[in-house]
Amino acid sequence: MPELSVEAQKKVDKLKKAYLNSFPEKLNQLQLLWERTENKGYLEGDLNELAAFCHKLAGSSGSYGLLEISQAARSIEQYCHDGFSSVGLNKASIDELRALYINLVKRLVM
Amino acid sequence: MSQHIEQIAENLYALTARKMKPLVVVVDKHNNYISHHGELTDYQLPEFEVGQNCIDMLPFLVGLEDEPYVSLPIVNFNEDSISSVNVIKINFHRYVVLLEASQEHQREQQATQESNETKLLYQKLQQLTEQLEVANNAKTRFISGMSHEFRTPISSILGYSGLLVNEFSPEDDRYQFARSIESNTQYLLSLIDNVLEHAQLEADKLLTNIAPFVLNDLIINIGHMFGSYVDESGVEFKVHTSDSLPEAICSDFLRVQQVLINLIGNAFKFTEKGTVTVDFDWKNDELIVSVSDTGSGIPKEYQTSIFQAYNRYEPDTKGAGLGLTISAQIADKLKGRLELESETGIGSTFTLYVEARPANLLTIKQDVLNNKSKKILIVEDDLDLVELLKIYLNELGYSAIAVMSGNEALQYSEDEELDLVLLDMQLPDRSGVDVARKLRSQKFTAPIIAMTASSNNDDKVRALQAGCNEFLSKPIQLPPLMNAINNVLNINA
């Protein structure tokens with residue numbers, strides 16, 4: 001198991017701090033995407049954009065060891081892609097997506 | 001009526017006679033024949049003449065002349081048949097009653113054998129039960145010990161977080177509360193790590209990574225780590241190194257360090273005043289590190305059991321009681337051993353022996369230098385990841401450049417000589433698959449590693465079909481990244 005040198009670890013820690021500091025901004029983006037998606041009635045284009053955002057967030061947060069956020073973001077991505085295509089758009093599936101969204105928001109805030 | 005009874009008696013007699021072949025031989029007190037009732041041939045006895053001495057044919061009568069009643073349950077007349085014999089003395093006559101007992105004997109023997117087998121099974125069962133009890137006791141001890149161990153830091157964490165959120169807590173103290181929470185959490189984590197590691201070792205799943213490393217790195221690390229202990233405890237800390245130590249050796253740096261941290265940590269834990277001394281030596285292709293303390297020592301009777309799991313000589317001590325077990329098991333994995341010498345009141349010395357071979361320092365440096373000349377292009381639009389990847393790649397000795405789009409990547413690979421491309425599969429302008437295909441059509445020959453957060457196997461296949469050589473899943477972590485790079489660059493780790 002390779003381990004980082006002390007200097008490299010310090011750099012990673014610094015990056016992680018910066019990454020954590022970018023959460024308010026990321027949260028803002030996420031909220032904007034969500035509101036647009038919700039207001040326009042869950043159009044495919046908006047859902048795709050939301051999925052892309054979450055895809056990216058899942059990759060980066062996990063790389064910094066924030067596995068819960070990564071998992072929460074990935075669930076949204078998967079639901080946008082697979083969930084709706086199998087269940088279709090209805091109250092239950094929208095509630096499910098909203099629950100996933102709230103879960104991610106919570107984890108980003110905490 | 002009486003007729004019936006007689007008939008029944010007769011039938012009963014016949015029944016018994018068929019099975020038990022009763023024979024009564026009447027002799028006088030000198031064992032001379034008087035008369036008999038029953039069949040002599042049933043017992044292979046000849047016809048006797050009255051007054052004939054029977055002792056040759058009924059040898060068991062010898063010495064019983066004066067006994068009023070003797071019962072001999074098993075008498076062997078010949079090889080095939082076994083009889084039960086009763087000798088009854090009435091006045092001057094003695095009645096020798098013979099009954100066939102072969103079947104009875106056989107049945108008895110069988111019963112004895114069966115009961116012997118049952119006894120053996122029972123003993124086995126008892127042994128197993130005892131073993132299980134021992135294991136179960138260890139488990140119970142472990143669970144009660146561990147729940148106590150876990151409880152202590154958790155209640156501290158709970159207590160301090162309560163104080164931390166309490167609006168009446170003075171602002172100045174809050175930092176201290178947070179620090180206490182941090183240190184307790186760290187302690188909890190190390191406890192869990194220990195338990196998990198032990199489970200892995202039990203399952204024989206512990207992996208080692210044998211690679212050349214510089215011994216001085218290890219010695220310096222140890223010095224740094226325990227420097228703070230010295231200030232806190234007032235115990236002196238000395239590190240000696242022998243001149244015979246090679247500069248670098250081939251072994252598992254982290255595992256050796258782990259064992260030493262545990263041994264030295266223990267030494268400080270059990271030493272109130274005096275010195276903790278670490279000696280690094282090299283003999284017969286073995287790294288020998290001994291950790292001595294001037295603590296209370298360990299009594300002889302505990303010296304062997306101290307390496308067993310959850311066994312602690314001092315039951316009140318903090319920890320899972322796994323440190324020495326894990327250390328001994330790691331030593332074993334590294335083809336070495338852990339030995340203990342201790343005397344109560346004087347102190348203990350734990351010595352770690354690790355089989356190793358000296359490594360050429362030049363080759364280690366050469367590896368990193370070789371990597372330095374290798375250039376890796378990162379194609380990734382997520383800035384958060386680009387910086388992290390750069391640190392990782394630099395740490396592995398590579399030089400890394402990053403571009404944020406597919407078009408830039410295509411441009412860059414035409415202008416520059418590259419050794420490797422790390423390619424994200426979701427770029428803003430083009431898909432990673434598209435970029436890989438384009439690169440290959442531009443006769444780009446260096447390896448490409450595809451990166452994506454997708455766990456979909458189809459995506460993996462598509463990337464490989466487009467010309468990527470390896471596939472790396474996000475989140476990005478150092479070990480898989482290193483493995484993937486080593487794989488495609490044919491570097492043997």
Side-chain angles (χ1 to χ4, degrees), chain A residues 1-27 29-30 48-83 85 104 107-108 110, chain B residues 197 206-211 213-214 217 220-221 224-225 252-255 257-258 368 380-397 404 424-428 431-432 451-456 458-459 472-483 485-486 493:
Chain A
M1 168 89 180
E3 204 162 81
L4 288 176
S5 65
V6 180
E7 297 87 58
Q9 189 58 52
K10 269 186 194 156
K11 283 187 198 165
V12 172
D13 290 346
K14 214 171 143 190
L15 267 187
K16 186 173 175 179
K17 215 173 256 174
Y19 183 73
L20 289 172
N21 285 336
S22 74
F23 274 4
E25 190 195 316
K26 288 194 165 67
L27 190 62
Q29 279 177 291
L30 176 68
N48 281 344
E49 217 168 305
L50 181 67
F53 177 85
C54 288
H55 176 88
K56 217 165 149 182
L57 184 60
S60 58
S61 57
S63 303
Y64 284 101
L66 306 165
L67 300 177
E68 287 188 354
I69 293 179
S70 177
Q71 198 49 54
R74 183 163 301 210
S75 309
I76 297 186
E77 184 204 352
Q78 277 167 355
Y79 205 82
C80 288
H81 282 154
D82 314 329
S85 53
L104 178 60
R107 293 188 190 284
L108 282 175
M110 279 200 304
Chain B
E197 189 130 276
L206 186 93
L207 298 176
T208 55
N209 179 17
I210 307 290
F213 68 85
V214 180
D217 288 349
I220 288 172
N221 271 6
H224 278 314
M225 261 178 248
D252 189 326
F253 177 85
L254 285 177
R255 294 295 177 196
Q257 179 172 291
Q258 185 184 0
V368 176
E380 166 69 76
D381 64 317
D382 189 346
L383 271 178
D384 293 323
L385 273 185
V386 170
E387 287 309 310
L388 190 66
L389 277 169
K390 274 189 179 168
I391 293 176
Y392 284 164
L393 293 175
N394 289 337
E395 181 71 1
L396 295 173
M404 295 188 58
D424 182 40
M425 289 286 105
Q426 284 195 349
L427 294 164
S431 78
M451 300 185 293
T452 180
S454 157
S455 52
N456 193 331
D458 292 348
D459 290 345
L472 193 61
S473 298
K474 287 181 187 174
I476 302 294
Q477 280 163 326
L478 185 56
L481 175 69
M482 194 178 88
N483 283 340
I485 294 176
N486 286 348

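The sequence lines fix the lettering, A, B, ..., with proteins before strands; numbering per chain opens at 1.
For chain B, no part of A:Lys14 is nearby; none of its heavy atoms comes within less than 4.5 Å. When heavy atoms are compared at a cutoff of 4.5 Å, B:Gln477 does not approach chain A at all.
The line from CG of B:Leu385 to OH of A:Tyr64 is 6.5 Å long, rounded to the nearest 0.5 Å. Distance check: B:Glu387 CD to A:Lys11 NZ gives 10.0 Å after rounding to the nearest 0.5 Å.
Shortest non-hydrogen contact noted between B:Gln426 and A:His55 is OE1-CD2, 2.8 Å. The two residues A:Ser70 and B:Pro475 come nearest to each other via the heavy atoms OG-CG, 4.3 Å.
More than 12 heavy atoms of other residues, nucleotides or ligands shown are found within 6.0 angstrom of CD on A:Gln29.
Partner of A:Ser63 under the side chain to side chain contact (heavy atoms under 4.5 Å, CB included) criterion, out of B:Leu481, B:Asp382, B:Asp384, B:Leu388: B:Leu388 alone.
By the 4.0 Å N-to-carboxylate-O rule, B:Asp381 lies close enough to A:Lys56 to be salt-bridged with it.
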